[in-house]
Amino acid sequence: MATPVNDFVKAYAQSGTVRFHMPGHKGKSFHGMECYDITEINGADYLYDAQGIIGASEAQTAKAFGTARTLYGTEGSSQCIKTMLGIIKMCSSSDRVTVLAPRNVHKAFIDACILLDLDVKWLYPQKPTASICCADISPQQFEQALGEGGIDCCYVTSPDYLGNMADIKAISQICRKAGIPLIVDNAHGAYTAFLKESCHPIALGADMCCDSAHKTLPCYTGAAYLHISKSAPKEYGEIAKNVMSMFGSTSPSYLLLQSLDLCSERLASGKFAGELEDAVVRVSECKRKLESMGWVLCGQEKLKITLDAANCGYDGNDLADMLREKKIEPEYSDAGYVVFMASAWTQQSELDALMQALESIPVKTAVKQELPAITAAERKMPIRQAALQRYHTVSVDEALGKVCAMTVTACQPSVPVVVSGEVISDEVIKILKRYSIFSVNVL
Ligand SMILES: Cc1ncc(COP(=O)(O)O)c(C=O)c1O
């Protein structure tokens, strides 16, 4: 087990070397971490040509995740998603690349479609859902869509923001049979590789996936992994760094790289799996107690606690405000749900505080919700063409029948309600209002 990046930076910080290099703080303490915030100086390796200490740390992490290759990213899963789709585009023999994806993608997927000029065939939920975060797509829907032809890649977001998990194993088998690569946005599920029974996308058969290390592991915000499976085409790994560099700054943060490096040692040592298992037990007991109080929970993800607020008689945003008054800050809320994210470092006392706060709030009878259906949209032009035009802004009530210019997402969870090039329908307007979005950019 090794921490080559940390060892290098610590030794450098203690060496007394005069810093005639970036960054401008020169290692002097303003915030407190400056002495460890270096740039790509001699010996510090290059993130996008990692043959030294960064490469060694990445190799250790790849081993821990059981991948052919794991790349560190310092600009989140957002950068890794663009990179994965860039790899697919560069390795595809099709003139235009079409990706099959359930509609609950993160904004980064749309940005990748704009930048790489990709087409998307969307899969829509079979019944109305209370949230744009949920996909509720069966493996059979993938099988049917692949059977219709014209697909170059399948893309799945799992876990979603509410903690629902897709059947990646079944979907990957369908993709393999059809000879189509499967990539997974696993931003919320880095830790799933270290559960007693791994449910990490790479273990379940995906060709590539991204993990936001910062969301569930002890890493700084922005730290991420791009994993490439041992069964994926070799060329993915050969071009991955160059593709990733197109979507990143030439000044990656060494603070983030150090946190990925320290995390790597913890994952590789096997220590994390034990810490995680303890947390899973604590969180599942907390979920059990909340259910016994009458709270309705949803989602299968082990470390997420998602309250189905509407089914407990509350608007999720109001419930989140009530909890803030009790000094509990959730990860996310909308009209229907409140989401709490735990990790291996969430203590029993913190779960107790959440349970105590919720015990003091009465569970009421379910709020009747009119759920707008997320239906197939009429497309007027490719995503890129619509997104890169001069637009004007109108109120949502004036938008009916107009073509969406810039994709509209609720700012959290950054899932699109209407995508560039689509015609804005009545149903879309209802969903926009549900997410308190009152103006849109149209052509
Ligand atoms: C499902 C999903 N994918 C991707 C991302 C982007 O991740 P990052 O913030 O690490 O860029 C997020 C961010 O919240 C997300 O929820």
Electrostatic pair [X]-[Y], nearest N-O below 4.0 angstrom:
X: Glu277; Y: Lys302; answer: no
X: Lys230; Y: Asp207; answer: no
X: Asp426; Y: Lys430; answer: no
X: Glu265; Y: Lys271; answer: no
X: Arg266; Y: Glu275; answer: yes

Practice task
Please state whether the rings of Phe272 and Trp345 are parallel, tilted or perpendicular, taking 30° and 60° as the class boundaries.
Solution key: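 Parallel: the ring planes of Phe272 and Trp345 meet at under 30°.
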Practice task
For the pair His200 and His227, name the ring-plane relationship: parallel under 30°, tilted 30 to 60°, perpendicular over 60°.
Solution key: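 Perpendicular: the ring planes of His200 and His227 meet at over 60°.
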Exercise for the section: Mind checking side-chain hydrogen bond (donor to acceptor under 3.5 Å, both in side chains) for Gln60 and listing every partner two or more places apart, or none if nothing turns up? Expected result: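 Ser264.
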Practice task
Please collect all side chain to side chain donor-acceptor pair (under 3.5 Å) contacts where either partner lies in residues 393-404, sequence neighbours excluded, each pair once.
Solution key: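 Listed once each, the pairs are Thr393-Asn441, Ser395-Glu398, Asp397-Lys433.
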Exercise for the section: Scan side-chain atoms only and decide if Gln412 and Tyr161 contain a donor-acceptor pair under the 3.5 Å cut-off. Expected result: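 Note: Gln412 and Tyr161 side chains meet the donor-acceptor criterion.
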Handout entry: Test item: side-chain donor near acceptor, Gln356 and Asp352, under 3.5 Å
Key =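 On atom types as modelled, these side chains do not qualify, holding no pair under 3.5 Å.
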Exercise for the section: With Lys364 as the cation and Tyr314 as the aromatic partner, state whether NZ or CZ is under 6.0 Å from the six-membered ring centre and within 45° of the axis. Expected result: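 Yes.
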Handout entry: Sub-6.0 Å ring centroid separation between Tyr337 and Tyr332
Key =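 No: the rings miss the under 6.0 Å criterion.
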